[in-house]
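Structure first, then comments.
Reminder, nothing fancy here: chain letters follow the sequence lines and each chain counts from 1.
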Amino acid sequence: MPELPEVEVVRRGLEPVIPGATVTRVEVLDARSLKRHRGPVEDFCDQLQGSVLEMPLRRGKFLWVPLAGTPAALVCHLGMSGQVLLGEENSDFGTQLRIRLELETRDGSPIVVGFVDQRIFGSMAIDDLAPVGDGHPAGWGSADTRIPRSVAHIARDPLDTAFDGEAFSRRLRAKNTEIKRALLDQTLISGIGNIYADEALWATRLHYRAPTARLTPSKVRELVDAVQQVLTKALLEGGTSFDQQYVNVNGQSGYFSHSLNAYGRAGSSCPRCHRIMVREPWMNRSSHRCPGCQRTPRSR
DNA sequence: AGCGAGCCCTGCGCGC
DNA sequence: TGCGCGCAGGGCTCGC
């Protein structure tokens with residue numbers, strides 16, 4: 001479940017059960033899901049085993065859970081197809097289960113966390129926590145001002161209370177690149193992926209190749225507003241799911257796919273101007289736009 | 001600095 | 001039925 005709303009849905013699902021829980025057993029079924037863990041599999045297991053978990057935090061698409069009384073956290077990225085599922089001792093998480101954690105919650109009940117990942121682009125890791133530079137909470141979820149080393153380069157996301165829209169605008173307009181590239185640059189603004197980039201660009205009538213240097217401050221403000229709106233709405237609807245691949249911690253799909261205006265709508269008419277929308281190859285992926293209201297920018 | 005390509009992977013739906 | 005192809009919501013590294 002890759003973009004910000006989907007990851008936040010997962011974080012919220014973990015919120016009621018994770019804080020205060022003790023890890024009683026760690027099972028790594030596929031070591032490839034630890035590719036970002038610096039160290040051997042045993043080291044990951046040993047560090048987690050017996051740890052008490054704190055409130056999960058999220059910045060952009062990264063999720064982490066500080067380990068109580070230590071300067072370390074369990075870091076999780078879902079990649080393209082990762083899921084974090086809650087279950088019981090006898091729950092069947094299927095053949096794509098990569099990591100299994102048995103916990104005892106703070107009220108003493110047993111619970112199992114399954115990390116399921118079809119494509120194994122996602123990962124779990126134990127990583128060191130270091131203070132963020134600005135003194136604000138490091139992410140969404142708790143007041144903790146420490147961030148995992150491997151997440152420190154990720155910019156604050158547009159739903160973060162410490163997100164600085166003016167600073168983003170300045171950095172964006174100073175760049176010599178195209179707007180969709182910039183929206184997907186997680187070191188500039190985080191949490192946005194292919195779906196919500198296409199949605200925000202449609203909402204503001206911008207072509208994905210529009211040069212960032214030509215955007216006015218007010219256009220950037222409009223774009224940031226659109227991004228915040230689409231992420232917030234998607235979150236309220238439980239995220240975007242096209243299939244069983246993208247689900248919350250209970251395996252349920254979100255409803256936002258019904259609200260998409262651009263992504264996946266090639267061949268359908270634009271909800272605004274009724275021209276037929278197109279899908280175009282872009283950066284080994286796809287971009288969706290309306291040829292009527294998102295005109296090709298003049299060449300530089 | 002920015003960009004394109006390639007890589008990490010599995011599985012689905014499609015056309016032949 | 002089977003095969004090959006293109007496709008999929010991410011991120012990182014490399015060489016130019």
Fill in the blank from the handout: Rounded to whole Å, CD of A:E6 lies from C1' of C:dA8 at a distance of 14 Å

Handout entry: Candidates A:V112, A:L86, A:L53, A:V52 - the one meeting side-chain contact (heavy atoms from CB on, under 4.5 Å) with A:L103
Key = A:L53

Practice task
State whether A:K61 places a side-chain N or O below 4.0 Å from either non-bridging phosphate oxygen (OP1 or OP2) of C:dG11.
Solution key: yes

Fill in the blank from the handout: With B for base contact, S for sugar-phosphate-only contact and - for none (protein heavy atoms under 4.0 Å), nucleotides 6-11 of chain B reads --BBBS

Handout entry: Between P of C:dG9 and CG of A:N248, the distance in whole Å
Key = 21 Å

Exercise for the section: Using a cut-off of strictly less than 4.0 Å between a heavy atom of the residue and any atom of DNA chain C, enumerate the qualifying residues of residues 185-193 of chain A by number. Expected result: A:Q186, A:G193

Exercise for the section: Give a yes/no answer on whether the side chain of A:H77 brings an N or O atom under 4.0 Å of OP1 or OP2 in C:dC12. Expected result: no

Handout entry: Cation over ring face, A:R209 and A:W282, 6.0 Å, 45°
Key = no

Exercise for the section: Report yes if the side chains of A:W140 and A:R12 come closer than 4.5 Å at any heavy-atom pair, otherwise no. Expected result: yes

Exercise for the section: Determine which bases of DNA chain B form Watson-Crick or G-U wobble pairs with both distances under 3.5 Å, and write the result as a 5' to 3' dot-bracket string with | for other-strand partners. Expected result: .|||||||.|||||||

Exercise for the section: Report the relative orientation of the aromatic rings in A:Y196 and A:F256; use parallel for angles under 30°, tilted for 30 to 60°, perpendicular for over 60°. Expected result: tilted

Practice task
In whole angstrom, give me the gap between the P atoms of B:dA5 and C:dC7.
Solution key: 14 Å

Exercise for the section: Take the protein atom CG of A:D243 and the nucleotide atom P of C:dC7, then report the distance between them rounded to whole Å. Expected result: 17 Å

Exercise for the section: Using atom CG of A:N194 as one end and atom P of C:dG9 as the other, report the distance to the nearest whole Å. Expected result: 5 Å

Practice task
Report the residues that fulfil side-chain contact (heavy atoms from CB on, under 4.5 Å) with A:A213, sequence neighbours left out, ordered by chain and then residue number.
Solution key: none

Practice task
Using the test ring-ring contact (aromatic ring centres under 6.0 Å, His included), find all partners of A:F62 that sit at least two apart in sequence or belong to another chain.
Solution key: A:H77

Practice task
Could you check how far CZ of A:R171 sits from C1' of B:dG2, rounded to whole Å?
Solution key: 14 Å

Fill in the blank from the handout: Picking from C:dG9, B:dG4, C:dG11, the nucleotide nearest the side-chain atoms of A:R36 would be C:dG11

Completion exercise
Heavy-atom nearest pair, A:A155 first then A:R59, reads O-CD, 3.6 Å

Fill in the blank from the handout: Assign each of A:L184 and A:S286 the nucleotide of DNA chain C bearing its closest heavy atom; nearer the 5' end lies the nucleotide of A:S286

Handout entry: Pair A:S259, A:E237: side-chain N/O donor-acceptor within cut-off below 3.5 Å
Key = yes

Handout entry: Distance-only polar pair, side chains of A:S287 and A:K180, donor-acceptor under 3.5 Å
Key = yes

Completion exercise
Judged by nearest nucleotide, the residue sitting upstream toward the 5' end of DNA chain C, A:F62 or A:R279, is A:R279

Problem - Test item: A:K175 and A:R181 side chains (from C-beta on) under 4.5 Å apart, heavy atoms - result: no

Exercise for the section: Check the distance between B:dA5's P and A:M283's CE and give it to me in whole angstrom. Expected result: 10 Å

Handout entry: A:N261 backbone acceptor or donor facing A:E199 side chain under 3.5 Å
Key = yes

Problem - Under-4.0 Å side-chain N/O to phosphate OP1/OP2 contact, A:T177 with B:dC3 - result: yes

Completion exercise
Rounded to whole Å, the CD1-C1' distance (A:I154 to C:dG11) equals 8 Å

Practice task
Give one of base, sugar-phosphate or nothing for A:Y196, where a contact means two heavy atoms less than 4.0 Å apart.
Solution key: nothing

Handout entry: Pairs satisfying salt bridge (Lys or Arg N to Asp or Glu O under 4.0 Å), at least one member in residues 103-113 of chain A, at least two apart
Key = none

Completion exercise
Rounded to whole Å, the CG-C1' distance (A:L63 to C:dG11) equals 17 Å

